[in-house]
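Take a look at the structure below.
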Amino acid sequence: MANNNSKPSSETGKFQAIISHCKEYGFIFPSSEIYDGLQAVYDYGQWGSELKKNIKDHWWKSMTQMHENIVGIDAAIFMHPTTWKASGHVDNFSDPMIDNKDSKKRYRVDHLLETYADELKEKGETEKAENILEQMNALLVKDDYAGLKQLIEENKITCGISKTCNWTDIRQFNLMFSTQLGSVAEEANEIYLRPETAQGIFVNFLNVQKTGRMKIPFGIAQIGKAFRNEIVARQFLFRMREFEQMEMQFFIKPGTQKEWYEYWKEERLKWHLSFGTDPAKYRFHDHIKLAHYADAACDIEYDFPIGFKEVEGIHSRTDFDLRNHQEYSKKKMQYFDTEINQNYIPYVIETSIGLDRTFLMIISNSYTEEDLSTPEKQDSRVVMKFPPQLAPVKLAIFPLVKKDGLPEIAKEVLNKYRGDFKCFYEEKDTIGKRYRRMDAIGAPFCVTIDHQTKEDNTVTIRHRDSMKQERIHIDRIGEVVQKAIRGV
RNA sequence: GCGGAAGUAGCUCAUCCGGUAGAGCGACAGCUUCCCAAGCUGUAGGUGGCGGGUUCGAGUCCCGUCUUCCGCUCCA
């Protein structure tokens with residue numbers, strides 16, 4: 001899979017340009033920037049937060065409003081610590097790592113030893129290989145890092161690059177952030193900030209099923225923050241330590257997971273394409289190596305300026321989570337299916353999309369630099385071609401000049417529509433400058449009130465993408481805008 | 001975490017061999033302007049990432065530190 005993701009430098013230049021644009025026009029700021037920022041944490045600015053909210057609303061509606069068998073919840077970020085034992089996050093996401101001092105390469109300790117064991121097996125030394133793996137597992141269970149290092153050194157396991165056995169001490173990288181619950185330090189319990197929102201759904205499975213009288217198959221959707229201590233968190237919004245997920249867990253009858261997995265794959269891709277994006281910008285990536293909880297998994301990848309990257313994951317999670325919660329909590333996580341007169345633990349298909357990644361996807365897909373030069377004059381513009389439904393500002397309202405009563409009429413228009421959708425009023429600078437500023441934040445429409453408006457109640461409405469203008473009656477503005485923002 | 005590069009006004013950058021910072025764009029106020037940025041006038045913005053050292057004197061030299069970018073490594 002080596003380098004099919006790499007992009008020419010002009011494309012990484014585009015990524016830089018997008019990052020700059022996001023900061024310059026109030027979409028994204030580095031977190032606590034006045035203190036030099038905080039690595040891999042970002043804040044959403046005045047237009048970014050509008051865009052983000054619009055994406056959320058659109059997803060939420062497509063799940064809970066457009067499906068009668070999907071409901072939403074909003075579970076807390078703090079959860080009982082046992083949740084993460086049951087989910088496997090405590091044991092499966094704290095990998096010991098080791099670095100070779102000469103090549104500076106970093107390895108997962110278990111991978112390093114397993115590779116060595118495989119080599120031994122190839123040479124026919126099966127017994128020795130098994131022995132090493134046995135020792136490794138025993139040491140891993142005890143978190144005996146000194147012992148693991150010793151095991152590596154005793155066997156003279158070398159780095160593939162440097163061919164030396166010059167290793168650092170073993171260090172552990174924890175996926176989850178922890179904090180203390182309880183006001184007195186000594187009595188406080190260590191709890192985690194959730195690394196995924198899904199568990200909030202699983203622990204509420206029975207509550208929702210019973211109080212909502214839900215019948216399988218049904219889904220529970222949730223939007224919320226999650227936190228992960230990534231080893232390397234970079235690439236702008238793509239890999240953040242604090243991020244937001246939009247997840248839906250779909251509970252189904254065991255044995256039907258194949259069909260439902262395929263169904264949701266298709267359904268989710270349709271959602272993405274509903275933005276009018278070029279289908280060639282998307283691809284599925286099927287997982288060969290599956291996470292500990294899945295029996296099938298794929299990603300929907302989008303062709304970012306930095307290459308095809310995962311935006312959404314669709315996982316067939318089996319009954320792993322509910323079964324484990326049943327075990328740890330001693331509460332029956334079962335559903336009585338009246339059709340077959342039987343109890344069972346439902347299987348689950350998960351769709352999990354990164355909100356921040358979706359945001360970055362929409363931004364990347366919308367960001368356009370246009371050369372508008374004519375023989376007489378050099379000209380260019382940057383325009384965010386957002387789907388109108390997602391645009392942070394729907395309508396900009398300008399008086400052509402700020403006199404002759406034009407601002408008064410413009411403000412009447414503003415007051416008429418500001419309750420229906422986000423409007424922006426501006427009366428300074430030349431009309432051209434104002435148009436271009438609106439292009440930069442992606443407002444799909446600008447209306448301009450001019451002297452003719454006073455005579456016949458018509459205004460010009462200017463379309464963002466084509467820059468075309470048309471003259472319409474002042475009472476038709478709302479209808480034109482509404483039609484566009486319904487049409488995603 | 002490692003290697004490389006960089007950090008000067010909101011943005012892009014300049015300041016030659018150390019002598020207490022300057023431009024364009026932008027912003028703001030006003031003028032002009034009857035529909036697509038770069039007409040006119042004026043104003044405000046920098047303890048040169050931060051800390052220390054050398055020096056009569058440091059944005060400029062040295063050390064440390066933080067942050068960002070590129071590459072490597074790792075991954076729900």
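Convention: sequence-line order gives letters A, B, ...; per-chain numbering from 1.
Residue A/Arg381 places none of its side-chain N or O atoms closer than 4.0 Å to OP1 or OP2 of B/rA38. OP1 or OP2 of B/rC70 has at least one side-chain nitrogen or oxygen of A/Gln16 nearer than 4.0 Å.
Comparing B/rC35, B/rC69, B/rC36 by their closest approach to the side chain of A/Leu400 singles out B/rC35. Out of B/rU33, B/rC35, B/rC70, the shortest distance to the side chain of A/Lys403 is found at B/rU33. For A/Lys428, counting side-chain heavy atoms from C-beta on, the closest listed nucleotide (B/rA37, B/rA29, B/rU33) is B/rA29. The nucleotide whose nearest atom lies closest to any side-chain atom of A/Lys433 is, among B/rA37, B/rU33, B/rC35, B/rA37. Checking B/rG30, B/rC35, B/rC36 against every side-chain atom of A/Lys402, the shortest atom distance belongs to B/rG30.
One N or O donor and one acceptor, one from the side chain of A/Arg239 and one from the base of B/rC75, sit under 3.5 Å apart. A/Arg462 contributes a side-chain N or O that forms a donor-acceptor pair with the base of B/rC36 under 3.5 Å. Evaluation of atom-type donor-acceptor distances gives no pair under 3.5 Å for the side chain of A/Asp450 against the base of B/rC34.
Ring centroids of A/Tyr302 and A/Phe304 are separated by less than 6.0 Å, placing the two rings close together.
Atom name C1', nucleotides B/rG24 and B/rC74: the rounded distance is 44 Å, in whole Å. Nucleotides B/rA27 and B/rA14, compared at atom P, are 23 Å apart to the nearest Å. Comparing the P positions of B/rG64 and B/rC70 gives an interatomic distance of 25 Å, to the nearest angstrom. For the C1' atoms, the distance from B/rG59 to B/rC13 is 14 Å, rounded to whole Å. Atom name P, nucleotides B/rG7 and B/rG30: the rounded distance is 38 Å, in whole Å. A gap of 26 Å separates the P atoms of B/rG51 and B/rG3, to the nearest Å. As rounded to the nearest Å, B/rG39 and B/rA44 have P atoms that lie 24 Å from one another. As rounded to the nearest Å, B/rC16 and B/rC25 have C1' atoms that lie 26 Å from one another.
Its glycosidic angle being more than 90° from 0, B/rG18 falls on the anti side.
No side-chain donor from either of A/Gln469 and A/Thr460 sits under 3.5 Å from a side-chain acceptor of the other.
A cation-pi geometry, defined here as NZ or CZ lying under 6.0 Å from the six-membered ring centre and within 45° of its normal, does not hold between A/Lys394 and A/Phe421. Relative to the six-membered ring of A/Phe284, A/Lys265 meets both conditions, a distance below 6.0 Å and an angle of at most 45° to the axis.
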* Once Watson-Crick and G-U wobble pairs under 3.5 Å are found, how is RNA chain B written in dot-bracket notation, 5' to 3', with | for any base paired to another strand? -> (((((((..((((.....[..)))).(((((.......))))).....(((((..]....))))))))))))....
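Using cut-offs of 30° and 60° on the angle between ring planes, the pair A/Tyr282 and A/His272 is perpendicular.
In this structure, the separation between CD1 on A/Ile477 and CD1 on A/Ile397 is 7.0 Å, given to the nearest 0.5 Å.
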Could I get a table of every N or O pair under 3.5 Å where one atom is in the protein and the other is in nucleotides 5-14 of chain B?
unit_1: B/rC11; atom_1: OP1; unit_2: A/Lys23; atom_2: NZ; d: 3.4

